[in-house]
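Reading through the structure tokens given below for one structure.
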Amino acid sequence: MGDTVKYMLDESRLPEAWYNLAADLPEPPAPVLHPGTGQPVGPDDLAPLFPMEVILQEVSTEQRIPIPEEVRDVYRQWRPTPLYRARRLERELDTPARIFYKYEGVSPTGSHKPNTAVAQAYYNAREGVKRIATETGAGQWGSSLAFAGALFGIEIDVYMVRVSYDQKPYRRALMEAFGARCVPSPSEETASGRAVLAEHPDSTGSLGIAISEAVEQAAGRDDTKYALGSVLNHVLLHQTVIGEEAIAQMDLAEAYPDVLIGCTGGGSNFSGLVFPFIGQKVRGGSDVRVIAVEPAACPSLTRGEFAYDFGDTGHLTPLVKMHTLGSTFVPPGFHAGGLRYHGMAPLVSHLHSLGVIEARAYHQTTVFEAGVRFARAEGILPAPEANHAVKAVIDEALRCKEEGSAETILFNLCGHGHFDMQAYIDYFSGALEDREYDAGELAMALAGLPAVAAVS
Ligand SMILES: *Cc1c(COP(=O)(O)O)cnc(C)c1O
């Protein structure tokens with residue numbers, strides 16, 4: 001066998017259904033609560049924000065949810081994505097472990113995000129929605145929804161975190177190329193944005209603030225809905241095409257993972273890979289260790305509280321029970337913009353509390369070092385977010401070497417880093433710092449958790 005080992009699925013093997021882990025959980029996750037009444041929200045409460053089909057998916061307990069043909073047709077442009085064996089990296093690490101990776105960087109915007117953007121745009125278009133408002137951090141989600149909006153004829157308004165808007169002009173240009181409008185957040189366009197600007201005129205923004213702006217637009221306009229690129233159950237559901245394909249590809253490789261690894265911002269690419277495998281385990285299949293990897297500067301799973309909290313800074317969203325750093329927590333600037341959210345997906349948080357998954361956090365210089373090592377061996381430069389997964393993979397492969405244990409490791413290479421070259425320039429010039437979050441600010445943000453946390 002040569003060094004390039006790639007497992008491809010024929011187009012005919014494109015999954016026909018998404019896998020819904022909620023159907024197989026030993027215990028259901030805590031309900032989403034209305035912040036005013038403290039009662040579980042119903043579909044009608046969410047109707048101003050999301051199309052009904054998406055709301056039904058959010059609460060579904062069906063194990064398999066068919067992927068509409070129109071969505072599969074778009075997926076076919078880049079799916080099934082390749083699964084590679086990282087033989088050159090294995091050799092460079094001199095490890096007995098076998099390392100596999102699923103590569104989502106082949107999508108039109110270079111990450112996993114179009115898997116849900118296309119589905120969400122499709123359901124909105126089918127229900128007659130003309131415009132979607134959303135937020136974006138580094139721009140991966142905004143550009144993916146802009147791409148999907150262009151295909152389904154929906155206007156896309158993106159509130160982009162100010163610091164990224166200024167620092168990442170290429171992602172913004174990509175959104176505009178797809179026809180989206182991109183507004184730096186906080187903006188003067190919304191009450192939430194104006195409130196922040198009144199207090200902090202040069203606010204650099206945060207995902208929590210940008211979400212408030214987008215939600216406010218959607219709630220206040222009949223022709224506009226909202227879309228979120230991570231965290232929520234339906235987003236994680238749409239991402240399971242990754243794991244469904246990976247299961248078939250590991251079969252082709254005649255292997256099964258002992259360890260699954262993914263980076264976690266809101267938890268969607270991680271869930272997309274691991275949920276179908278966890279489902280097999282829960283239904284009596286092989287055991288598998290599952291590791292979520294997050295940045296030490298925004299460590300919701302490893303340092304946050306598992307409590308009810310708002311999804312946004314302006315407190316316009318329902319309350320969800322998740323690992324959170326507090327909705328007012330603003331992480332220090334670091335380069336994996338996609339990992340700068342204060343909360344973690346409720347389903348991922350739930351799995352962590354059940355002991356089904358592990359979590360760990362790394363500082364950014366060590367993850368860039370790992371990413372560059374990977375690039376030199378495998379020829380793909382990972383997105384800064386994906387470097388977190390790569391770092392954990394290398395650590396696990398070195399552990400296998402020490403233990404003389406020939407384990408099989410599979411991870412999600414969720415995107416390439418071609419739009420993030422400034423981060424690599426900073427890394428090579430030694431300008432990348434390991435920023436600590438402000439412990440006082442974290443304590444304050446956690447002290448501000450909504451009162452329902454105490455009674456739940
Ligand atoms: C958005 C993004 C992330 C973080 O979001 P998840 O929902 O945790 O996947 C990670 N990697 C890339 C490449 C992203 O674009």
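Ligands are counted one by one from 1 in listed order, and the atoms in each one are counted from 1 as well.
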What is the nearest protein non-hydrogen atom to [atom], stated with its residue, atom name and distance?
atom: atom 2 (C) of ligand 1; answer: Lys113 NZ, 2.4 Å
atom: atom 4 (C) of ligand 1; answer: Gly338 O, 3.2 Å
atom: atom 10 (C) of ligand 1; answer: Glu385 CB, 3.5 Å

Given Ser230, Ala386, Cys263, which one has a non-hydrogen atom that is nearest to atom 7 (O) of ligand 1?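 Closest candidate by heavy-atom distance is Ser230.
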Could you establish whether His112 and ligand 1 come within less than 4.0 Å of each other, counting only heavy atoms on the residue side?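 So His112 counts as touching ligand 1.
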Are Cys414 and ligand 1 in contact, using a heavy-atom cut-off of under 4.0 Å?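 Contact check Cys414 vs ligand 1: positive.
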Apply the test ring pair (Phe, Tyr, Trp, His ring centres under 6.0 Å) to residues Phe368 and Tyr424: give CA-CA distance (whole Å), side-chain angles for both, the deciding distance (0.1 Å), then the verdict. CA-CA 8 Å; Phe368 272 83; Tyr424 282 93; 5.1 Å; yes
Do other residues, nucleotides or ligands put more than 12 heavy atoms under 6.0 Å from the OH atom of Tyr170?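 Check fails, neighbour count at 12 or below.
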Number the atoms of ligand 1 from 1 as they appear, then name those within less than 4.0 Å of a heavy atom of [X], with their elements.
X: Gly267; value: 6 (P), 7 (O), 8 (O)
X: Gln140; value: 13 (C), 15 (O)
X: Ser268; value: 6 (P), 7 (O), 8 (O), 9 (O)

Regarding ligand 1, does Phe270 bring an N or O atom to under 3.5 Å of one of the ligand's N or O atoms?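 No, no N or O pair falls under 3.5 Å.
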Is any N or O atom of Gly266, backbone or side chain, closer than 3.5 Å to an N or O atom of ligand 1?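 Gly266 vs ligand 1: N/O contact under 3.5 Å present.
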May I ask you to say whether Arg79 pairs ionically with Glu245, meaning some side-chain N is under 4.0 Å from a carboxylate O?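 A salt bridge links Arg79 with Glu245.
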Regarding Glu244 and Arg13, does a basic nitrogen lie under 4.0 Å from an acidic carboxylate oxygen?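 Salt bridge flag = no for Arg13 with Glu244.
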What do we get for Thr264 next to ligand 1 when only non-hydrogen atoms under 4.0 Å count, side chain, backbone, both or neither?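 It is the backbone that gets close, since no side chain atom is under 4.0 Å.
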Is the distance between the ring centroids of His315 and Phe310 less than 6.0 Å?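 Yes, the ring centres sit under 6.0 Å apart.
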Can you say whether the rings of Phe411 and Phe374 are parallel (under 30°), tilted (30 to 60°) or perpendicular (over 60°)?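 Geometry flag for Phe374 against Phe411: perpendicular rings.
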Kindly assign one of parallel, tilted or perpendicular to the pair Phe100 and Tyr7, based on the angle between their ring planes and the thresholds 30° and 60°.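 If you compare the ring of Phe100 with that of Tyr7, the planes turn out tilted.
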So, Ser143 and Arg172: side-chain donor and acceptor under 3.5 Å apart, yes or no?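 Note: Ser143 and Arg172 side chains miss the donor-acceptor criterion.
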